[in-house]
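Step one of this worksheet: look at the structure below.
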2 protein chains.
Amino acid sequence: MCGRPRRVTATDVAKATGVSRATVGFVLNNTPGQSITAATRAKVLAAAERLGYTPYAPARALRSGRTSIVVMLLSQLPGGPVVNAVTEHLTALLAEDGLTLLVHMHPGRDEPVSALWGVVTPAAVIAFDRAWDEELAPLRRAGIPVVTPFVDPPDDLDGAVPVMMQRIGRLQVDHLVLAGHTRLGFALPDDPRLAPMAGDRLEGARFACAELGLDLPQVATVPLEVAAAAEAVAGWRAGPAPVTAVCAYNDEVAIAVLSGAHRLGVAVPGELAVIGVDDVPLAAAVSPPLTTIATHPATLSRYLYEALAAALADGPVPHRPATEMLAVTVRGSV
Amino acid sequence: MCGRPRRVTATDVAKATGVSRATVGFVLNNTPGQSITAATRAKVLAAAERLGYTPYAPARALRSGRTSIVVMLLSQLPGGPVVNAVTEHLTALLAEDGLTLLVHMHPGRDEPVSALWGVVTPAAVIAFDRAWDEELAPLRRAGIPVVTPFVDPPDDLDGAVPVMMQRIGRLQVDHLVLAGHTRLGFALPDDPRLAPMAGDRLEGARFACAELGLDLPQVATVPLEVAAAAEAVAGWRAGPAPVTAVCAYNDEVAIAVLSGAHRLGVAVPGELAVIGVDDVPLAAAVSPPLTTIATHPATLSRYLYEALAAALADGPVPHRPATEMLAVTVRGSV
DNA sequence: TTGTAGGCGTTATCAT
DNA sequence: ATGATAACGCCTACAA
């Protein structure tokens with residue numbers, strides 16, 4: 001056992017079998033148009049197996065000029081069950097095409113995203129944060145497709161995510177108004193990192209209220225803590241014209257609102273209706289079950305996959321309206 | 001605009017500035033022991049910036065024989081908030097050492113994990129599933145350290161994760177018994193993929209009950225759905241000697257139990273105590289706030305980081321008792 | 001049917 | 001102080 005064990009290379013396999021490196025390459029890649037003796041092929045495969053040969057990624061990439069890596073770039077913000085589900089779906093979809101999905105969570109503002117390209121060279125990138133658009137421009141120029149979710153239409157590089165987020169807020173308001181509510185509240189998350197996304201959703205809710213001739217929603221920050229949530233609920237219920245329905249930033253915040261209401265003895269949905277976003281597994285498990293905007297991870301994943309596949313084939317990115325990914329899941333809280 | 005844009009290489013930068021490739025290399029890598037004119041240095045940097053030069057990862061890796069990539073391998077199972085938190089912490093810790101964390105979710109049993117090494121060559125691997133130990137052996141042989149969480153002691157390759165999982169179940173029972181309970185229930189998750197881990201935790205709870213001379217916990221599967229959860233609670237409360245306290249597989253399941261109890265009008269913790277696992281953010285936000293076993297992602301992350309750093313430096317892997325990562329967070333549900 | 005040779009971009013060594 | 005050169009492991013056109 002030497003201190004620094006060396007990799008097993010194709011040359012080692014060739015030496016072990018007594019054939020040339022080229023032959024080894026043909027066998028291992030199943031190169032068509034080459035006729036290799038069954039015996040030789042078997043010997044090579046056996047030796048490769050025995051020695052524990054693995055193709056060496058950097059050499060392969062250097063030679064071919066491309067990799068089969070797709071990097072999914074996350075900021076610290078999302079990290080929720082929706083992103084997890086997308087990761088799972090997308091990994092499977094890409095694997096069918098021989099592509100490998102690797103997720104990188106960007107640590108923060110101090111280090112530029114571009115440092116990543118000195119470490120991995122992806123065939124394509126999925127960016128979950130539009131803040132990187134500028135940093136990603138060199139990549140695009142180098143011919144590496146960058147796909148962003150929620151882009152609708154696909155070439156609208158300004159404000160696509162905000163539009164999608166606003167649509168969520170709008171959908172919440174529409175559903176509450178349809179249920180007969182006119183005085184709405186909006187529950188913001190406590191985590192400052194979620195502020196941009198929360199702001200967009202709130203904006204959508206505001207627009208919807210304005211269009212419908214309602215008062216703007218009464219905004220409160222709802223920490224994930226019962227007592228604080230109860231305070232927020234008390235705030236909404238106070239005064240002569242109390243809020244009767246709340247749009248929550250997401251299902252977590254919605255569940256906090258539910259708990260706050262429960263603690264105060266405020267009936268849901270009788271005295272206060274609540275609508276969330278995400279449709280997390282827990283949404284069906286709380287009491288009352290949570291009505292929420294489902295973002296349908298499977299549809300989002302498939303859209304990302306199709307956009308990616310098209311971009312890698314130099315084809316036009318398919319148009320998939322964002323509305324397809326959103327639907328109200330009606331349960332008991334509205 | 002050509003159809004296939006080419007990368008900008010160091011040679012391009014050299015040509016643009018009129019110096020040799022080597023000089024470019026010295027400047028870009030800040031190679032010590034070389035004296036480069038300030039003017040030359042500035043010219044090179046300016047050209048690199050202007051052309052949008054990025055070092056090419058595969059070539060760099062091929063030349064240097066190593067990468068700064070750490071791959072974290074996940075099976076589809078965990079994916080919860082704890083793993084997310086660990087990802088976030090670990091990414092930051094590794095970034096300080098110039099290492100990049102990439103997360104790969106293994107799609108399934110059809111494709112072997114080893115296929116990954118033809119795509120990325122990591123400097124080290126973090127494996128969250130002991131099922132891969134055998135497939136990871138070739139990596140270890142190639143000198144690439146493989147680190148696994150929950151291994152205690154570090155060299156105990158058999159049953160370390162089960163032991164950690166069992167410890168969790170044991171802690172739950174201990175806490176409930178300390179609070180005066182003697183007839184316990186155990187709430188299993190519905191998702192079959194969680195069965196192995198759930199089985200281990202249940203096993204730990206069983207051992208603890210046996211040691212304490214109690215009846216074995218009454219097991220029920222609790223889907224994430226109020227009505228079904230209520231049924232499970234009803235089952236525990238039925239009969240002459242009803243269960244008075246429930247160990248839930250995790251916080252999600254615990255919250256479902258809470259909801260089921262709420263629907264039936266069963267008081268928590270008065271008539272039924274509940275204890276979860278994970279200490280997710282929502283645990284403090286439900287009513288009553290959830291008492292739970294916190295797995296402390298920050299501690300786990302630091303342990304993984306230290307183990308990784310030690311392994312990469314060829315040093316001994318530090319011993320960190322698993323118990324340090326577990327603590328009861330007492331809130332209102334017990 | 002199999003072997004030979006050249007090159008991908010980077011960097012370390014050696015020579016100027 | 002700067003330039004030439006070789007080598008990393010793999011792939012493949014071409015030669016034998």
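Below, read A as the first sequence line, B as the second, and so on, with proteins coming before strands; counting in each chain starts at 1. Keep in mind it's a predicted model, so treat the numbers as computed, not measured.
In this structure, of dG9(D), dT10(C), dT2(C), it is dG9(D) that holds the atom nearest to the side chain of Y56(A). Counting only heavy atoms from C-beta on, V19(A) has its side chain closest to dG3(C) among dG3(C), dG9(C), dC10(D). Comparing dG9(D), dG3(C), dT10(C) by their nearest atom to the side chain of F26(A) picks out dG3(C).
Checking the phosphate oxygens (OP1, OP2) of dT2(C), a side-chain nitrogen or oxygen of T37(A) falls inside 4.0 Å. Using a 4.0 Å cut-off, some side-chain N or O of T23(A) falls inside it from OP1 or OP2 of dG3(C). Listed pair S64(A) / dC8(C) fails the phosphate criterion, with no side-chain N or O lying under 4.0 Å from OP1 or OP2. Distances shorter than 4.0 Å separate some side-chain N or O of Y53(A) from OP1 or OP2 on dC10(D).
At whole-Å resolution of the value, CG in L62(B) and P in dC8(C) are 13 Å apart. Rounded to a whole Å, the CG atom of L28(A) is 15 Å from the P atom of dT2(C). Across the protein-nucleic acid pair, R21(B) atom CZ and dA12(C) atom P stand 16 Å apart, rounded to whole Å. Protein atom CZ of R63(A) is 19 Å distant from nucleotide atom P of dA7(D), rounded to whole Å. Separating the NZ atom of K15(A) from the C1' atom of dC10(D) is a distance of 15 Å, rounded to the nearest angstrom. dG9(D) atom P lies 17 Å from atom CG of N29(A), rounded to whole Å. The CZ atom of R60(A) sits 18 Å away from the P atom of dG9(C) (whole-angstrom rounding). With rounding to whole Å, W117(A) atom CH2 is found 17 Å from dT10(C) atom P.
Within the 4.5 Å cutoff, the side chain of Y53(B) has no heavy atoms near those of the D12(B) side chain. Using a 4.5 Å heavy-atom cutoff, the side chains of V147(A) and V125(A) are not in contact. Contact annotation: the side chain of L73(A) never approaches that of I126(A) to less than 4.5 Å [non-hydrogen atoms, C-beta and beyond].
Taking each heavy atom of R140(A) and V146(A) in turn, the nearest pair found is NH2-O, 3.2 Å.
None of E134(A), E135(A), H104(A) except one satisfies the side-chain contact (heavy atoms from CB on, under 4.5 Å) rule with V113(A); the exception is E135(A).
Note on A22(A): a base of the nucleic acid sits closer than 4.0 angstrom, heavy atoms only.
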